[in-house]
Amino acid sequence: MAGNTIVVLTGAGISKESGLSTFRDADGIWAKVRIEDVATPEGYRRNPAMVQAFYNSRRSHLLSGDAHPNPAHLALARLEREWPGEVLVVTQNIDDLHERAGSSNLIHMHGELLKARCDLCGTVSSWAEDLSADSLCPDCRHKGRLRPHVVWFGETPLAMDRIFEALGRCVTFLSIGTSGNVYPAAGFVTHVRSRLNTRTVELNLEPSLGATLFHEAIYGPASEVVPAFVEALLGG
């Protein structure tokens, strides 16, 4: 149904219950490594081997068979299948759990761990192996120019035009498992609220930094609150 679009923003909190580490929790990734060392272009130029090793480890864990879509991922895939309009999931996560759950109308605004990008020719390729200085670009065949297809701090998130176009016409905006720390995603709710008659809902383990900007808030584990919310939304 035209004019009945839902935009869903997801963050690390939705994947935490699938066994993947969050970033900003007390025991999260940024408590163990410095952002400046592994998540900036400058860190990559200083020590590419260390950055590659960091993402190789995360990629290996994602592919180990220990991480699986949880009921929150599955509920969003169900929403896309059954909602009488468009459902667009915009995720800050670089894992592939939404895809595994069945979501197809999906934007990875911060990139994808299972892809590599050549910084010489720009080719983006599916990639499940370790990356190193010996890795060859499958397109231009140059060695040592492949990096994780991940948006680092200081780089522009992907598909922003498409995201803001959808935000500009959505009737419902859901934010799931986000901290409200990272922009531009943290500003999406403000953008949406500038329009009348758009419903904004935060579904989170605890209030985010932008919690007061939402019309509604539901707190609890994503694997519990998201399926219940989707069920109610679909009239089940």
Side-chain angles (χ1 to χ4, degrees), residues 8-12 14-16 18-24 28-30 33-67 69 73 88-164 166 177-178 182-185 188:
V8 184
L9 173 68
T10 66
I14 196 171
S15 292
K16 182 178 182 180
S18 293
L20 299 183
S21 297
T22 61
F23 289 88
R24 297 179 184 275
I29 292 171
W30 298 147
V33 295
R34 296 194 330 141
I35 291 173
E36 297 85 353
D37 290 338
V38 298
T40 65
E42 295 79 13
Y44 183 60
R45 286 194 291 269
R46 282 195 305 270
N47 194 337
M50 182 180 72
V51 174
Q52 297 285 30
F54 173 76
Y55 289 98
N56 287 343
S57 175
R58 295 191 66 198
R59 189 182 303 107
S60 177
H61 177 57
L62 181 60
L63 295 172
S64 67
D66 295 330
H73 295 103
L88 173 65
V89 175
V90 178
T91 186
Q92 298 170 276
N93 300 331
I94 60 175
D95 61 64
D96 67 340
L97 297 182
H98 281 300
E99 288 93 333
R100 290 195 221 171
S103 291
S104 59
N105 195 26
L106 177 67
I107 295 174
H108 282 273
M109 64 179 295
H110 291 163
E112 299 177 64
L113 187 58
L114 298 182
K115 290 183 179 179
R117 183 168 78 249
C118 179
D119 64 12
L120 185 63
C121 72
T123 295
V124 176
S125 308
S126 296
W127 202 272
E129 308 298 327
D130 283 356
L131 283 170
S132 73
D134 293 323
S135 298
L136 283 175
C137 173
D139 193 20
C140 71
R141 308 303 296 172
H142 278 81
K143 181 186 292 188
R145 304 303 295 267
L146 290 178
R147 54 162 277 185
H149 183 50
V150 173
V151 176
W152 290 325
F153 287 91
E155 297 180 326
T156 302
L158 306 175
M160 293 305 297
D161 288 347
R162 183 182 168 202
I163 292 170
F164 277 111
T178 64
V182 180
Y183 284 82
F188 289 171

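- Taking OG1 from Thr40 and CD from Glu155, the interatomic distance works out to 9.0 Å, rounded to the nearest 0.5 Å.
- In terms of modelled atom types and a separation under 3.5 Å, the side chain of Asp95 and the main chain of Leu97 share a donor-acceptor contact.
- With sequence neighbours left out, the side-chain contact (heavy atoms from CB on, under 4.5 Å) criterion links Asp37 to Arg34, Arg46, Met50.
- Every salt bridge (Lys or Arg N to Asp or Glu O under 4.0 Å) that Glu112 has, sequence neighbours left out, goes to Lys115.
- The aromatic rings of Phe164 and Phe188 lie perpendicular to each other, with more than 60° between the two planes, well past the 30° mark.
- With sequence neighbours left out, the ring-ring contact (aromatic ring centres under 6.0 Å, His included) criterion links His108 to no other residue.
- For Arg141, the side-chain contact (heavy atoms from CB on, under 4.5 Å) partners at least two apart in sequence or on another chain are Leu136.
- Using a 4.5 Å cut-off on side-chain heavy atoms (C-beta onward), Met109 and Val151 make no contact.
- A heavy-atom distance below 4.5 Å is not found between the side chains of Phe153 and Glu42.
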Table please: side-chain donor-acceptor pairs of residues 123-131 below 3.5 Å, with sequence neighbours left out.
from	atom 1	to	atom 2	distance (Å)
Thr123	OG1	Asp139	OD2	2.8
Trp127	NE1	Glu129	O	3.1
Trp127	NE1	Asp130	O	3.4

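- The side chain to side chain donor-acceptor pair (under 3.5 Å) check on Ser64 picks up Asp66, with sequence neighbours excluded.
- Not counting sequence neighbours, Asn47 has no partner by the side chain to side chain donor-acceptor pair (under 3.5 Å) test.
- Partners of His149 according to the side chain to side chain donor-acceptor pair (under 3.5 Å) rule, which considers only residues two or more places apart in sequence or in another chain, are Arg117.
- Using modelled atom types and a 3.5 Å distance limit, the side chains of His73 and Ser103 yield no donor-acceptor pair.
- Checking side-chain atoms of Gln52 against main-chain N and O of Ala49 turns up no donor-acceptor pair under 3.5 Å.
- Considering only heavy atoms from C-beta on, Val182 comes within 4.5 Å of Gln92 through its side chain.
- Across every non-hydrogen atom of Val38 and Tyr55, the tightest pair is O-OH, 2.9 Å.
- At a threshold of 4.5 Å between non-hydrogen side-chain atoms, the residues Thr10 and Asn93 count as touching.
- Take Arg59 and apply the salt bridge (Lys or Arg N to Asp or Glu O under 4.0 Å) test, not counting sequence neighbours, and it matches no residue.
- Residues Leu146 and Asp119 form no side-chain contact, since every pair of their non-hydrogen atoms from C-beta on lies 4.5 Å or further apart.
- Every residue two or more places apart in sequence or in another chain was checked for a side-chain contact (heavy atoms from CB on, under 4.5 Å) with Asp161, and none qualifies.
- Every residue meeting the side-chain contact (heavy atoms from CB on, under 4.5 Å) condition with Ser132, not counting sequence neighbours, appears here in chain and number order: Asp134, Ser135.
- When the salt bridge (Lys or Arg N to Asp or Glu O under 4.0 Å) test is applied to Arg162, no partner is found at least two apart in sequence or on another chain.
- The main-chain N or O of Ala53 is never found under 3.5 Å from a side-chain atom of Ser57 such that the two would form a donor-acceptor pair.
- Taken to the nearest 0.5 Å, the CD1 atom of Ile14 stands 7.5 Å off from the OG1 atom of Thr91.
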